[in-house]
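Computed from heavy atoms alone, side chains included, the values below leave out hydrogens, waters and symmetry copies. Just so it is clear: chains get the letters A, B, ... in the order the sequence lines come, proteins before strands, and each one is counted from 1.
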2 protein chains.
Amino acid sequence: MSKQPVDLARPAELDDCRVPLVAEPLTASQAERLAPSYKALGDPVRLRLLSLIASHEGGEVCVCDLTDAFDLTAPTISHHLKVLKEIGLVTAERRGTWVYYQACPAALDLLSTVLSVPQEAGV
Amino acid sequence: MSKQPVDLARPAELDDCRVPLVAEPLTASQAERLAPSYKALGDPVRLRLLSLIASHEGGEVCVCDLTDAFDLTAPTISHHLKVLKEIGLVTAERRGTWVYYQACPAALDLLSTVLSVPQEAGV
DNA sequence: AGTCAAACTAGACGCATGTCGAAGCAACCT
DNA sequence: AGGTTGCTTCGACATGCGTCTAGTTTGACT
């Protein structure tokens with residue numbers, strides 16, 4: 001394992017990133033911590049994977065169901081899930097033969113907050 | 001100009017993308033229209049550029065000010081600004097000698113909305 | 001043990017991307 | 001006109017990334 005998860009949910013690491021980008025300029029280090037997360041969302045397959053996981057009732061999805069939803073090989077799906085996992089947007093849990101993925105709402109919420117536009121800014 | 005701006009502000013093109021990713025699975029076409037925008041944010045330099053522009057009072061920034069904020073050459077900054085412009089996150093306007101960039105709040109808001117997590121989802 | 005299926009890892013291949021130096025445009029000056 | 005500054009385009013280079021095939025691990029079931 002070359003990279004370890006960034007863990008967007010951990011306050012100590014990223015609470016100082018929880019500021020709308022519109023409110024004040026991001027520092028270089030804030031930008032460097034946030035950019036990889038947006039990059040992870042910058043692939044259509046990963047966006048759909050995350051959405052499939054996050055919107056699934058029960059809050060988790062088996063890999064086999066995810067693989068079926070795409071015209072891609074299993075290793076490719078596995079690779080994308082690994083990216084999402086390492087960035088802290090999802091977690092994985094093995095139960096018997098199958099592996100289930102869950103979304104991390106806190107991580108999503110942080111990324112949403114950074115892009116949010118206050119009302120008075122005139123959307 | 002090889003690509004033209006995606007224009008995230010145009011309702012006809014992207015209003016059907018204005019749905020939280022957590023609410024229901026993104027379709028393939030939705031994901032393919034949204035992913036390039038997140039990819040554009042997936043670089044620390046572009047994130048900071050966008051933040052510098054969006055948070056600047058007056059709502060616009062001259063390129064020269066942006067270039068000074070980084071340890072990069074002018075062509076590189078220009079390249080990143082072009083990416084942000086083509087994706088519809090900023091607009092550019094020349095006034096005399098200088099070029100000013102403005103942020104597009106509507107585009108930002110869309111990307112924020114897609115990542116937003118409803119309260120009851122338990123952040 | 002042997003087998004099968006689910007999922008991941010390893011390695012390879014081609015395309016995309018970030019960066020730079022050099023050159024080109026555009027607008028302002030003498 | 002000529003020169004200067006601000007910004008962009010062009011072309012090149014190294015690196016990164018998405019995808020695949022082939023092989024490996026993990027667990028369940030005979």
| request: Looking only at side-chain atoms of Y101(B), point me to the closest of dA7(C), dC7(D), dT8(D). | output: dT8(D)
| message | Measure CD/E86(A) against C1'/dC8(C) and give the value in whole Å, please. | response | 12 Å
| message | At less than 4.0 Å, is any side-chain N or O atom of K39(A) found next to OP1 or OP2 of dG16(D)? Yes or no. | response | no
| query | L81(B) CG to dG6(D) P: how many Å, rounded? | reply | 16 Å
| said: Please report the distance, rounded to the nearest Å, between CZ in R46(B) and P in dA16(C). | reply: 15 Å
| task | Looking only at non-hydrogen atoms, find the nearest pair between P44(A) and A31(B) and report the distance. | result | O-CB, 3.6 Å
| query | Between dC20(D), dC20(C), dT9(C), which nucleotide gets closest to the side-chain atoms of K82(A)? | reply | dT9(C)
| query | So do R18(A) and D109(A) actually touch side chain to side chain, heavy atoms under 4.5 Å? | reply | yes
| Residue V99(A), side-chain atoms from C-beta onward, closest of dA7(C), dC20(C), dG6(D) | dA7(C)
| query | Is the shortest heavy-atom distance from the side chain of H79(A) to the side chain of P75(A) under 4.5 Å? | reply | no
| said: Using a 3.5 Å limit on both distances, find every run of at least three consecutive Watson-Crick or G-U pairs that involves DNA chain D. | reply: C:1-30 with D:1-30
| task | Apply the side chain to side chain contact (heavy atoms under 4.5 Å, CB included) test between V90(B) and each candidate in L49(B), L84(B), V83(B), L108(B); give the one that qualifies. | result | L84(B)
| field | Residue mapping more 5' on DNA chain D - nearest nucleotide basis, T67(B) or T73(A) | value | T67(B)
| Nucleotide dT8(D), atom P - distance to CH2 of W98(B) in whole Å | 14 Å
| Mind checking what makes side-chain hydrogen bond (donor to acceptor under 3.5 Å, both in side chains) contact with S112(A), not counting sequence neighbours? | S112(B)
| message | For a quick check of understanding: with a heavy-atom distance under 4.0 Å over all strands, which category does Y100(B) fall into, base, sugar-phosphate or nothing? | response | nothing
| message | Without decimals, in angstroms, what is the distance between L84(B) CG and dT17(C) C1'? | response | 14 Å
| Rounded to the nearest Å, what distance is computed from the CG atom of residue D65(B) to the P atom of nucleotide dG6(D)? | 11 Å
| request: Report the distance from atom CG of D43(A) to atom P of dG16(D), rounded to the nearest whole Å. | output: 18 Å
| query | Does F70(B) belong to the same Ile/Leu/Val/Met/Phe/Trp/Tyr cluster as L50(B), with side-chain heavy atoms less than 4.5 Å apart forming each link? | reply | yes
| request: Indicate for each nucleotide in nucleotides 23-30 of chain D, in 5' to 3' sequence, whether protein heavy atoms under 4.0 Å reach the base (B), only the sugar-phosphate (S), or nothing (-). | output: ---BSS--
| Is there a donor-acceptor pair under 3.5 Å between the side chain of S78(A) and the backbone N or O of A74(A)? | no
| message | With a 4.5 Å cut-off on side-chain heavy atoms, are V114(B) and Y38(B) touching? | response | yes
| field | L89(A) side chain near L41(A) side chain, heavy-atom distance below 4.5 Å | value | yes
| So what does L72(B) hit on the nucleic acid, given a heavy-atom distance under 4.0 Å: a base, only sugar-phosphate, or nothing? | sugar-phosphate
| message | Under a 3.5 Å distance rule, please check whether R94(B) uses its side chain to pair with a backbone N or O of G96(B) as donor and acceptor. | response | yes
| Counting only side-chain N and O atoms of T76(B), is one of them less than 4.0 Å from OP1 or OP2 of dT19(C)? | no
| d(CD1, I77(A); P, dA6(C)) in whole Å | 15 Å
| said: Students often get this wrong, so: under 4.0 angstrom with heavy atoms, is H79(A) touching a base, only sugar-phosphate, or nothing? | reply: base
| remark: Closest of dG18(D), dG18(C), dT9(C) to the H80(A) side chain is dG18(D)
